[in-house]
Amino acid sequence: MAAELTAHELIAEHRPTLDQALEAIRTRAYWSPHPEHPKAYGENGSLDMAAGKAAFDALLGSRLDLGQPGTDDWVGGEVSPYGIELGVEYPHADLDVLLPAMKAGQRAWQDAGAEIRAVVCLEILKRISDRTHEFAHAVMHTSGQAFMMAFQAGGPHAQDRGLEAVAYAYVEQVRTPDTAEWTKPQGKRDPLALTKRFTPVPRGIGLVIGCNTFPTWNGYPGLFASLATGNAVLVKPHPRAVLPLALTVQVAREVLSAAGFDPNLVALAAERPGEGIAKTLATRPEIRIIDYTGSTEFGDWLEANARQAQVYTEKAGVNSVLVESAGDYKGMLSNLAFSLSLYSGQMCTTPQNLLIPRDGIRTDEGPKTYDEVVADLARAVDGLLGDDARANALLGAIVNPDVKARLEAAAGLGEVALASREVANPEFPGAVVRTPVLVKLDGAKPDDEAAYMSECFGPVSFAVAVDSASDAVELLRRTIREKGAMTVGAYTTDEEVEEAVQEVCLEEAAQLSLNLVGGVYVNQTAAFSDFHGSGGNPAANAALCDGAFVANRFRVVEVRREA
């Protein structure tokens, strides 16, 4: 296969970016090569806002032919949470044809080495970045995110996470040298001498099982971690969010081909309505790595049944914020209101339980009772979302009917401190937009425990009254240990309480944010610096991204011979 992109060209263009990424994961300082502002695009061949929208519109009602082997049908049926039928058709694969074709190109990809694989991955990410505006619309109309969030989280932030995975993959692969000369002295006898060669060998085909809410942000780490370590990757999107990952596969195949590699190293597995091919794929012997984001039930099934594969799961948890005292009461309320509202709470990092002492808290504005704290937070959310235009820009749309049903049922679980209201979206009349509901529960009542100890994914939060700060800490510990947590937040001016919360999070392996009152929120993480999940509690068995996330996607095979 003739290469249009030579190794020299790829290294010259992308090695500096790789080196910057390696430095960023070493220092954990802020860095990103992908601009967050929409106006930064439109030069050097990238699509500006108008061109990106036109490119997305051109996809509607089309057939996305990826040129994959084994295509036996065409499938589709995505409907935007904003009420638009996408009408895009995707190839349906005969797995007995596609999977062998994917394996065929792995040896050449393995032999290319860690650096070439890394810069090819960076070329894929660059071409995706050039189409960020197009991808943003694809993410918006499959996830229900508002455009600006879809642009940032589905574009530059997702691309950052993909690049982060490539950087970690490169570090782990070059940790062992390619060759070594080994000499062992034998006293008066001749020394023993061997020449040793060490080769990173991929496990096999990686399977990425995509999610509905963050198809690129959650999909890119596993995709690029497996590809950069020499594995072929089969992408199985969520049936309601195929388009962003199908476009990703399209770009990856184009780049692989242009670089002289088999495009079948990356392929798409779209499914017919109700087909449910994830279980079938997950237990096929060719699948050796699985990356999954979604429900605890299916994540647990994968861990128990996909025995032939290395399984990385991000499942569900119950995220808590402990509110013991506040040095900036207004800042706390503002920060929490935004955290509860962003994308209608449809994030695995959104706080659900607010643990508040029933006797109230100390603040810079004087003591506040439990009822006052809850009422003030309700007013903060109301104030944030009082204008419908602003509400639409923050909330996006409810991603599926299950979230809407949970939201409506939550009002019956306790005293409603903040009722959810319907918000009209004039641009998309078919969108289902709802503000959050905040419900009061009592941590001492067994009947309330069933609610706050279960994940209620969506714009639902519980203000849980507890007897004391120490009771809040113990409830926090039990929640993380039994249910898992992707995030933990705490507000306190008491050093002993702060130390106790930190100790719980260290012991139970949960990521903690303390006293956030500015423009950083508990449900946001930054690539190259923050770890998303820890892999140490029931919410996820892996972290995005660390060495453990990439190192077991390959093994080092040694060949030694007499020197």
Side-chain angles (χ1 to χ4, degrees), residues 30-60 78 80-82 84 86 88 124-164 210-221 237 240-248 250-251 338-339 341-347 349-350 389-399 425 427-428 431 433 519-521 523-528 532:
Y30 171 76
W31 175 75
S32 172
H34 304 112
E36 284 187 316
H37 199 284
K39 291 183 179 178
Y41 296 81
E43 297 179 358
N44 303 317
S46 66
L47 298 180
D48 63 14
M49 193 174 296
K53 178 64 163 62
F56 169 75
D57 288 342
L59 291 167
L60 301 179
E78 289 160 292
S80 167
Y82 289 95
I84 299 170
L86 302 191
V88 184
I124 295 169
L125 285 165
K126 176 191 177 296
R127 294 194 186 189
I128 291 170
S129 178
D130 288 344
R131 296 168 61 178
T132 291
H133 275 286
E134 177 187 359
F135 272 75
H137 287 285
V139 170
M140 173 183 176
H141 284 290
T142 50
S143 70
Q145 294 174 31
F147 176 77
M148 197 61 191
M149 185 175 184
F151 177 88
Q152 291 185 337
H157 296 172
Q159 296 152 23
D160 282 349
R161 282 298 186 193
L163 174 54
E164 179 186 44
C211 68
N212 195 174
T213 48
F214 289 89
T216 55
W217 198 97
N218 279 109
Y220 284 5
R240 287 192 288 260
V242 183
L243 184 57
L245 290 178
L247 293 175
T248 301
Q250 182 184 54
V251 174
F338 189 93
S339 297
S341 303
L342 185 62
Y343 184 32
S344 301
Q346 297 170 128
M347 305 171 69
T349 50
T350 300
R390 182 181 175 89
N392 277 304
L394 281 174
L395 295 170
I398 298 297
V399 69
N425 187 320
E427 186 179 0
F428 299 105
V433 185
V520 175
Y521 305 95
N523 39 353
Q524 297 173 320
T525 58
F528 310 109
H532 176 73

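In this structure, L245 CG and F135 CZ are separated by 9.0 Å, a value rounded to the nearest 0.5 Å. T216 OG1 to L243 CG: the interatomic distance, rounded to the nearest 0.5 Å, is 11.0 Å. Here M140 contributes atom CE and S80 contributes atom OG; the two are 7.0 Å apart, rounded to the nearest 0.5 Å. For the atom pair SG of C211 and CH2 of W217, the computed distance is 9.5 Å after rounding to the nearest 0.5 Å. For the atom pair CG of L342 and CE of M149, the computed distance is 4.0 Å after rounding to the nearest 0.5 Å. Separating the CG atom in L163 from the OG atom in S129 is a distance of 10.5 Å, to the nearest 0.5 Å.
T142 places a side-chain heavy atom less than 4.5 Å from the side chain of L86. Between H137 and F151 there is no side-chain heavy-atom pair separated by less than 4.5 Å. Two residues are said to be in side-chain contact when any heavy atoms from C-beta on lie closer than 4.5 Å; Y82 and F147 fail this criterion. Side-chain contact between W31 and P33 is present, with heavy atoms from C-beta onward closer than 4.5 Å. Looking at heavy atoms from C-beta onward, S46 lies out of side-chain contact with T132 at the 4.5 angstrom threshold. Between T213 and Y343 the shortest side-chain heavy-atom distance falls below 4.5 Å. Inter-residue side-chain proximity for T349 and Q524 is flagged as unmet; no heavy-atom pair is nearer than 4.5 Å. No side-chain heavy atom of V399 sits under 4.5 Å from any side-chain heavy atom of R240.
Under a 3.5 Å cut-off, the side chain of Q145 and the backbone N or O of G396 do not form any donor-acceptor pair. Side-chain N or O atoms of D130 include none that pairs as donor or acceptor with a backbone N or O of G45 at under 3.5 Å. Side chain of S344 to backbone of L395: a donor-acceptor contact under 3.5 angstrom is found. Checked by atom type and distance alone, the side chain of Q346 pairs as donor or acceptor with a backbone atom of A397 at under 3.5 Å. Without hydrogens or angle criteria, Q250 side chain to A246 main chain gives no donor-acceptor distance under 3.5 Å. The main-chain N or O of L47 is never found under 3.5 Å from a side-chain atom of E134 such that the two would form a donor-acceptor pair.
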Under 3.5 Å, sequence neighbours excluded: what are the donor-acceptor pairs made by side chains of residues 35-43?
{"from": "E36", "atom 1": "OE2", "to": "H157", "atom 2": "NE2", "distance (Å)": "2.5"}
{"from": "H37", "atom 1": "ND1", "to": "K39", "atom 2": "N", "distance (Å)": "3.1"}
{"from": "Y41", "atom 1": "OH", "to": "P35", "atom 2": "O", "distance (Å)": "2.7"}

Report, one line per pair, each donor and acceptor closer than 3.5 Å where one atom sits in a side chain of residues 52-59; sequence neighbours left out.
{"from": "K53", "atom 1": "NZ", "to": "D57", "atom 2": "OD1", "distance (Å)": "3.0"}
{"from": "K53", "atom 1": "NZ", "to": "D57", "atom 2": "OD2", "distance (Å)": "2.9"}

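Applying the salt bridge (charged side-chain N to carboxylate O under 4.0 Å, His left out) test to residues at least two apart or on different chains, the pairs with a partner in residues 149-162 are R161-E164.
Contact record, P81 with S143: CG-C, 3.9 Å, taken as the closest heavy-atom pair. Residue Y220 comes nearest to Q159 through the heavy atom pair CD2-N, 4.1 Å, listed as atom of the first residue, atom of the second, then distance. Heavy-atom minimum distance, A136 versus A150: O-CB, 3.4 Å. Residues D48 and H133 share a closest heavy-atom pair of C-CD2, 3.5 Å. Taking each heavy atom of A431 and N425 in turn, the nearest pair found is CB-CB, 4.3 Å.
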Legend entry - Stepwise side chain to side chain contact (heavy atoms under 4.5 Å, CB included) test for L394 and F338: CA-CA 8 Å; L394 281 174; F338 189 93; 3.3 Å; yes

